[in-house]
Each structure stands twice: as C-alpha cells, then as structure tokens.
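Read the numbers this way: they start at 1 and go in the same order the structure lists the ligands and their atoms.
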Amino acid sequence: MAKLFRAVIMGPPGSGKGTISKRIAHNFGLQYLSCAHFLQELVATNKTEAGVLVKSYIDKRMLVPDQVVTKLMLPRLEQLSGHSWLLEGFPRTLGQAQALNELYQLDMVISLNVPFETLRERMSDKWIHPASGRVYNMTFNPPRVKGKDDITGEPLVQSEIDKPEALMARLRHYKDVAKPVLDLYKSQGILHSFSGTDTDRIWPYMNSILSAKLPTPNSESHSTPTS
Ligand SMILES: Nc1ncnc2c1ncn2[C@@H]1O[C@H](COP(=O)(O)OP(=O)(O)OP(=O)(O)O)[C@@H](O)[C@H]1O
Ligand SMILES: Nc1nc2c(ncn2[C@H]2C[C@H](O)[C@@H](COP(=O)(O)OP(=O)(O)O)O2)c(=O)[nH]1
C-alpha cells in the first residue's frame, strides 16, 4: 500500500484555505477535514454536553478549549486511519499541534501568506449562505443568481466579522496564536509557505510541490475555481 500522506493547511481568515484545500483534495484524492465544519456539524446533530459546550464557544467566536477540541478531532481522525488526509483549521494552537504530533507524523504543513489589503478586499466582497456555510465571492466565485445561494436559492448575507476592524482583530489573533505552531513545524522541516495575492497564482506552485510528493489520481490542471 502506498504510504499515507498527512498534511495541514494554515492561514489567516480569507487567505483561501478552504478554496485551496478543495483543489488539493480533488487533485490528489486526499480526505479533507475542516475543523470548523466538523464542529458545526457536531453542534447541529449532537445535542450532548460536548455539542452544547462547543456551541457556547462558537457563538462567542472564541476558540474551543484545546482539551475539548482535541478530544473530538483525534477520534474523528482515527476514522480516517486508512486514508491520506488534509486538515484545515486544526491544529490552531500549540497545544493542539502537540496533541496531534503525539499521534501522527505530518508530511507537510502549508502556510498561506496573503497581504492584509487583499484579505480586506476579499472579505468586503464575501457573501455567505448562513444555513449551509457556503461561501461566495462576488468576483472570484459569484453565485449563479446575484444575492442567491446556488443550491437553495435562499438569500446570501454579509457578515459583521468580515468588516475591516473585525478582520484586523481576527488577523492579529491569528498571528499570535499561529506563530508558535508555525515555528514548531518550521523546526521539524515540514513547513511550506506560499505568498501571493491570488489563489490561482499560488495554486500552480503548490500543485507542483505536492505532485513531487504525492501520486495524482485526478491530475488535470485545475483552472476552475471551486467555492
Ligand atoms: N482548531 C480549533 N480550535 C478551537 N476552536 C475552533 C477550531 N476550529 C474552529 N473552531 C471554532 O469554530 C469557530 C469557527 O471557525 P472558523 O475557522 O470558521 O472561523 P474563524 O475562527 O473566524 O477562522 P477563519 O478565520 O479562518 O475564518 C471558531 O470561532 C471556533 O469557535
Ligand atoms: N478575489 C479573490 N477571492 C478569492 C481568492 N481566493 C479565494 N477567494 C475568495 C473565496 C472566498 O469568498 C474568500 C475566502 O476564501 P476561503 O477559501 O473561504 O478562505 P479561508 O477563510 O478558508 O482561508 O475569498 C482569490 O485569489 N481572489
């Protein structure tokens, strides 16, 4: 059996983690697990103490405590034991990274560096479908019908947290919390940083680095942006 590949993608809000993760998962046949989506699903379907606790943090837009999130994420990863995977949004803190390190040897950590001004422009152009979390960008991946979700036709909304002041605070928080995590992965020699203002320009570099490390079941060059 081919060696399994374990990767993590990190980056500030709006840097394109979700967009790029879907391309990687599609091109290289990796299982893609977004921690935020996983937690949202848990909150929606699991009314146990854990679900209620997680919801209380998400509602306040605070990070769920490390012990809680690792206790939920690590068993979820165990379910993917026979697969190569890409994690987005986990680990977010040094504590989470250390817990993950104890169980898995990561092959690659991707860090996205996108200038603040670019993030600000993107977020001011960002619309979401609240019920599903589907994200649209009016220039990059617009909905088929202006202001309406592609699947349900329901209205799209803009979020307070994507406004410039809130974005600045989120960015500062990301930098503080991510720095020790990135330092750890740098010291392990597995950190690959990609800088740029356009996902479609970053993608070919990333694709070629990944192609050198991984077989490509779906190796067509991916020029169509995904949401
Ligand atoms: N690894 C994690 N550790 C703790 N809490 C998490 C983690 N990932 C997601 N969460 C919870 O889920 C919520 C939504 O996460 P999500 O990544 O979508 O938004 P965010 O924190 O604003 O980051 P992004 O900045 O990339 O948009 C967070 O506010 C937090 O409560
Ligand atoms: N204009 C523009 N918008 C982009 C680009 N790459 C991604 N986007 C859009 C898609 C989303 O609406 C928004 C944030 O992207 P995302 O993939 O959800 O980012 P992240 O929050 O998961 O890191 O930015 C890009 O290269 N240019």
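To the nearest 0.5 Å, atom CD1 of residue Ile9 and atom CE of residue Met206 are 5.0 Å apart. Interatomic distance, Phe90 CZ to Leu74 CG, rounded to the nearest 0.5 Å: 5.0 Å. To the nearest 0.5 Å, atom CD of residue Gln40 and atom OG of residue Ser34 are 7.0 Å apart.
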List below, pair by pair, the N or O atoms of ligand 1 and of the protein that are less than 3.5 Å apart, including the distance to 0.1 Å; reply 'none' if no pair qualifies.
| from | atom 1 | to | atom 2 | distance (Å) |
| --- | --- | --- | --- | --- |
| ligand 1 | 1 (N) | Gly89 | O | 2.7 |
| ligand 1 | 1 (N) | Gln96 | OE1 | 3.0 |
| ligand 1 | 3 (N) | Gln96 | NE2 | 2.9 |
| ligand 1 | 5 (N) | Val64 | N | 3.0 |
| ligand 1 | 17 (O) | Arg92 | NH1 | 3.0 |
| ligand 1 | 21 (O) | Arg92 | NH1 | 3.4 |
| ligand 1 | 21 (O) | Arg92 | NH2 | 2.7 |
| ligand 1 | 22 (O) | Arg61 | NH2 | 2.6 |
| ligand 1 | 22 (O) | Arg170 | NH2 | 3.3 |
| ligand 1 | 26 (O) | Lys17 | NZ | 3.0 |
| ligand 1 | 27 (O) | Arg170 | NH2 | 3.0 |
| ligand 1 | 31 (O) | Met62 | O | 2.6 |

Could you pull out the N/O contacts under 3.5 angstrom between ligand 2 and the surrounding protein atoms?
| from | atom 1 | to | atom 2 | distance (Å) |
| --- | --- | --- | --- | --- |
| ligand 2 | 6 (N) | Thr199 | OG1 | 2.6 |
| ligand 2 | 17 (O) | Gly18 | N | 3.4 |
| ligand 2 | 17 (O) | Thr19 | N | 2.8 |
| ligand 2 | 17 (O) | Thr19 | OG1 | 2.5 |
| ligand 2 | 19 (O) | Gly16 | N | 3.1 |
| ligand 2 | 21 (O) | Gly14 | N | 2.9 |
| ligand 2 | 22 (O) | Gly18 | N | 2.9 |
| ligand 2 | 23 (O) | Ser15 | N | 3.2 |
| ligand 2 | 23 (O) | Gly16 | N | 3.1 |
| ligand 2 | 23 (O) | Lys17 | N | 2.9 |
| ligand 2 | 23 (O) | Lys17 | NZ | 2.9 |
| ligand 2 | 26 (O) | Arg122 | NH2 | 3.3 |
| ligand 2 | 26 (O) | Thr199 | N | 2.7 |
| ligand 2 | 26 (O) | Thr199 | OG1 | 3.3 |

Show me, pair by pair, the donor-acceptor contacts under 3.5 angstrom made by side chains of residues 96-108, not counting sequence neighbours?
| from | atom 1 | to | atom 2 | distance (Å) |
| --- | --- | --- | --- | --- |
| Gln96 | OE1 | Arg92 | N | 2.8 |
| Gln96 | NE2 | Asp66 | OD1 | 3.1 |
| Asp107 | OD1 | Lys3 | NZ | 2.9 |
| Asp107 | OD2 | Arg6 | N | 2.7 |

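Note that Lys60 lies in the cation-pi zone of Tyr57, set by a 6.0 Å cut-off to the ring centre and a 45° limit from the axis.
Side-chain heavy-atom separations under 4.5 angstrom define the hydrophobic clusters, and the remaining members of the one that includes Leu167 are Val114, Phe116, Leu119, Met123, Met168, Leu171.
Cluster membership for Leu182 and Val177, using ILVMFWY side-chain heavy atoms within less than 4.5 angstrom, is not shared.
Counting non-hydrogen atoms of neighbouring residues, nucleotides and ligands closer than 6.0 angstrom, the CD atom of Glu117 exceeds 12 such neighbours.
Between the side chain of Asp149 and the backbone N or O of Glu154 there is no donor-acceptor pair closer than 3.5 Å.
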